[in-house]
A.B. asks: 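Below you will find the structure I want to go over with you.
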2 protein chains.
Amino acid sequence: MGARGRPRGFDRDEALAKAVDLFWRHGYEGVSIADLSAGMGIASPSLYAAFGCKEQLFFEAVERFGETNGNRMVSALIGANTARAGVAAMLNAMAECVTTDGKPTGCMITLAATNCSPANDRVVEKLCENRRAVVDALKLRLARAVGDGELPGTTDVDSLATFYATVLNGLSLQARDGATRDALLATVDHAMAAFERVARTNGAPA
Amino acid sequence: MGARGRPRGFDRDEALAKAVDLFWRHGYEGVSIADLSAGMGIASPSLYAAFGCKEQLFFEAVERFGETNGNRMVSALIGANTARAGVAAMLNAMAECVTTDGKPTGCMITLAATNCSPANDRVVEKLCENRRAVVDALKLRLARAVGDGELPGTTDVDSLATFYATVLNGLSLQARDGATRDALLATVDHAMAAFERVARTNGAPA
DNA sequence: CTTTTTCTGTATCGATCCCTAAATAAACCG
DNA sequence: CGGTTTATTTAGGGATCGATACAGAAAAAG
C-alpha cells in the first residue's frame, strides 16, 4: 500500500508554490508551459503527470493562493466584532497583501484572467466565482449588521457590498500601477466614509 | 502628389474601429492577428501594410478609444463647476460607459493589458501612462478645489485622488463580473461620501 | 501603350503554443 | 534475481503565434 514505483523527484508543494507565483505575477495566459517548467524546475511530462494540464494546474494554484493569501480577506471580514471593523480589516488586509515585498503586486483572483481569449473562458469564470463569493460574504456580513442595528434598516446592502467589492478589486489595479502601501491604506480610509454615511442616515446608533 | 498606386480596398477608420472593439473585448494578448484579420475584414498583409505591426495597431486603437470613449471621463471631471460635481460626473460617466449595450463591458484602458507576458511590457506601460494621466488630472482638479476653498487646506490631495482612481478602475472589474448599471451608479454615490467627509473635516464651506 | 507605385491574395516562414509518445531509470514486491 | 509500477528524460507532433515573400491586380505618371 506504500509508495509504489519510482518516487517523484521533486516536492509537489514547492512546485505548486512556484506555479502560484508565476500565475500570480503574469496571469493565466501570460505564463507558458515552458515558463512553468523552468520555474518549477521540472520537465513538462513531469508537470503533466503531477498536475494534469495547464488549466488544472491553475485551478490548484488558485486554491493554494486562497489558502495562503486570499482567504485572509474574508477571515478579516468575518472575524471582527462589527461590520465596520470587518470591512476595514478586509480592505486593509488586501492593501497590505498587494503591496508586500517578495510577492507579486495585486491580487491573483482579481487580475490573473481579466483579459483572455475566448478559449479560456472557464478560467475566467473560475476566478469570477471566487470574486462572487467575496461579494456574497460582504452582503451576508452587512445584512447581519442591519439585523444587529449597526446599520439602519433602510440600508441598501447590495449596493454597499458592490461598492466595497469595487474598492477591494480596484486596490490591485492601483498596486500594479505603482501605488505604495501607504497610499492604499489611505484609500481604504476614504472608502470607510461610505459606511459611516450609511450608518448615520437614519436612527442608527453610532 | 495625389493618391498613387492601387487604392486601398477597405476603410481604414472602420477597420480600426473594429480593432478597437476586439482589443477592448478581449485585451491585447487575447486577440490574435487571425482574429483581427477576420474581424477587420482584411488579410494580414493589408493589416501590416496599413498599421505596421500588432503593437502599433493596438496603440492606434488606444488613441481611438480615447477619442470615442476614454476622454469623456476627464472631460466630465474638468467641465463641472465644482470638484465634487466633476468627480461625480467622471465616475458616473465611467459607470455608464462600462455598462453600455453594444460596447464591451469594462474600460479598455483599465483592462486590456492587466496580465501580460513580459514580452509585451511596452503595451502594459502604455496603458499605465494613460491611467496615470487620469490620476494626474484628478490631483490637479482636487488641488484647485483646495485653492478655491471647496476643500480644506489640510486635504491630502494625493490620497483622495488615489481613492477615486481605485473606484474608477474598479468599476470596470465589477462590470466584467456582471454588475448592472444601477449597481455601479449606486457604487459611485457611495464613493462620494469620502469627498463629503473630507470637505467637512475642517472649517470648509459645504 | 509602358512604367511606376501601391495594395491585395495566396502561401507560407520560423518561433512558440500546449501536450504527449517512447525509451530509460528508480523504487516496490515476490 | 526478475517483474511490476511509476517517474524522468529526450524528442517531437499538431496547432497557432506574429509577421512576410512573392506574384498578380489596380491605380497614376510618362
Side-chain angles (χ1 to χ4, degrees), chain A residues 1-16 18-19 22-23 26-61 112-113 115-124 126, chain B residues 1-16 18-19 22-23 25-62 112-113 115-124 126:
Chain A
M1 208 208 243
R4 298 239 314 225
R6 177 173 176 172
R8 188 176 281 131
F10 62 95
D11 187 315
R12 196 179 187 279
D13 281 343
E14 286 179 12
L16 180 57
K18 191 61 185 152
L22 288 171
F23 281 130
H26 302 294
Y28 181 73
E29 289 185 344
V31 177
S32 68
I33 294 291
D35 295 331
L36 291 163
S37 175
M40 299 164 80
I42 59 178
S44 56
S46 297
L47 189 158
Y48 280 91
F51 297 101
C53 65
K54 187 186 179 185
E55 185 183 272
Q56 288 175 353
L57 172 59
F58 180 76
F59 289 164
E60 270 202 61
N115 48 272
C116 271
S117 80
N120 294 314
D121 49 5
R122 281 206 308 273
V123 170
V124 175
K126 172 69 110 184
Chain B
M1 215 207 252
R4 301 236 315 227
R6 176 172 176 173
R8 187 175 282 131
F10 63 95
D11 186 315
R12 196 179 186 282
D13 281 344
E14 285 179 12
L16 181 57
K18 191 63 187 151
L22 288 171
F23 282 130
R25 201 173 297 275
H26 302 294
Y28 181 73
E29 289 186 344
V31 177
S32 68
I33 295 291
D35 295 331
L36 291 163
S37 175
M40 299 163 79
I42 58 178
S44 56
S46 298
L47 189 158
Y48 279 92
F51 297 101
C53 65
K54 187 186 180 186
E55 185 183 272
Q56 288 176 352
L57 172 59
F58 180 75
F59 289 164
E60 270 202 61
V62 169
N115 50 273
C116 271
S117 80
N120 295 315
D121 49 5
R122 283 205 308 274
V123 170
V124 174
K126 172 70 111 185

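So you know, we letter chains A, B, ... as the sequences are listed, proteins then strands, and number each from 1. In this text, all values refer to a predicted model and were calculated from it rather than measured experimentally.
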A.B. asks: When you match B:S44 and A:P45 each to their closest nucleotide on DNA chain C, which lands nearer the 5' end?
C.D. replies: B:S44
A.B. asks: Rounded to whole angstrom units, what separation is found between the CZ atom of B:F10 and the P atom of D:dA26?
C.D. replies: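 So the two atoms are 17 Å apart, to the nearest Å.
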A.B. asks: Provide, to the nearest angstrom, the distance between the CG atom belonging to B:L47 and the P atom belonging to D:dT20.
C.D. replies: 12 Å
A.B. asks: Could you tell me whether B:R12 atom CZ has more than 12 heavy atoms of other residues or ligands within 6.0 Å of it?
C.D. replies: yes
A.B. asks: Which residues in residues 26-36 of chain A have at least one heavy atom lying under 4.0 Å from any atom of DNA chain C?
C.D. replies: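 DNA chain C contact set from residues 26-36 of chain A: A:V31, A:S32, A:I33.
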A.B. asks: Find the distance B:M40:CE to C:dT8:C1' and express it as a whole number of Å.
C.D. replies: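 In whole Å, C:dT8 C1' lies 15 Å from B:M40 CE.
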A.B. asks: Kindly say whether A:G30 contributes a backbone atom to a donor-acceptor pair with the side chain of B:E29 at under 3.5 angstrom?
C.D. replies: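 Side chain of B:E29 to backbone of A:G30, a donor-acceptor pair under 3.5 Å: no, none is there.
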A.B. asks: On the nucleotide D:dA7, are OP1 or OP2 found under 4.0 Å from the side-chain N or O atoms that A:S46 carries?
C.D. replies: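 The answer is no; no side-chain N or O of A:S46 sits under 4.0 Å from OP1 or OP2.
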A.B. asks: Starting at the 5' end of DNA chain D and moving along, which residue's nearest nucleotide shows up first, B:C53 or B:P7?
C.D. replies: B:C53
A.B. asks: If the plane angle is over 60° it's perpendicular, under 30° parallel, otherwise tilted; pick one for B:F51 and B:F10.
C.D. replies: tilted
A.B. asks: What about A:R6, does its side chain sit under 3.5 Å from the base of C:dA25 through a donor-acceptor pair?
C.D. replies: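 Donor-acceptor pair under 3.5 Å: yes.
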A.B. asks: To the nearest angstrom, how far is A:R8 atom CZ from D:dT9 atom P?
C.D. replies: 13 Å
A.B. asks: What's the NZ-P distance between B:K54 and D:dA19, to the nearest Å?
C.D. replies: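 These atoms are roughly 8 Å apart.
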A.B. asks: Taking the side chain as every heavy atom from C-beta outward, state whether A:L16 and A:L57 have any atom pair closer than 4.5 Å.
C.D. replies: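 They are in contact (side-chain heavy atoms under 4.5 Å apart), so the answer is yes.
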A.B. asks: Look at the side chain of A:N120 and the backbone N and O of A:V123, then say whether any donor-acceptor pair between them is shorter than 3.5 Å.
C.D. replies: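 No.
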A.B. asks: Between A:Y48 and A:I33, does the side-chain contact (heavy atoms from CB on, under 4.5 Å) criterion hold? Intermediate values first, please.
C.D. replies: CA-CA 10 Å; A:Y48 280 91; A:I33 294 291; 3.3 Å; yes
A.B. asks: Backbone N or O of A:Y28 within a donor-acceptor pair of the A:K54 side chain at under 3.5 Å?
C.D. replies: yes
A.B. asks: Rounding to a whole Å, what distance do you find between B:I42:CD1 and D:dA19:C1'?
C.D. replies: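 Spelled out: CD1 on B:I42 to C1' on D:dA19 is 14 Å.
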A.B. asks: Tell me the interatomic distance from B:L22, atom CG, to D:dG18, atom C1', rounded to whole angstroms.
C.D. replies: 16 Å
A.B. asks: Starting at CZ of B:F51 and ending at P of D:dA19, how long is that distance when rounded to a whole Å?
C.D. replies: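 So the two atoms are 14 Å apart, to the nearest Å.
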A.B. asks: Taking only N and O in the side chain of A:Y48, is any of them less than 4.0 Å away from OP1 or OP2 of C:dT20?
C.D. replies: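 It does not, given that no N or O in the side chain of A:Y48 lies less than 4.0 Å from OP1 or OP2 of C:dT20.
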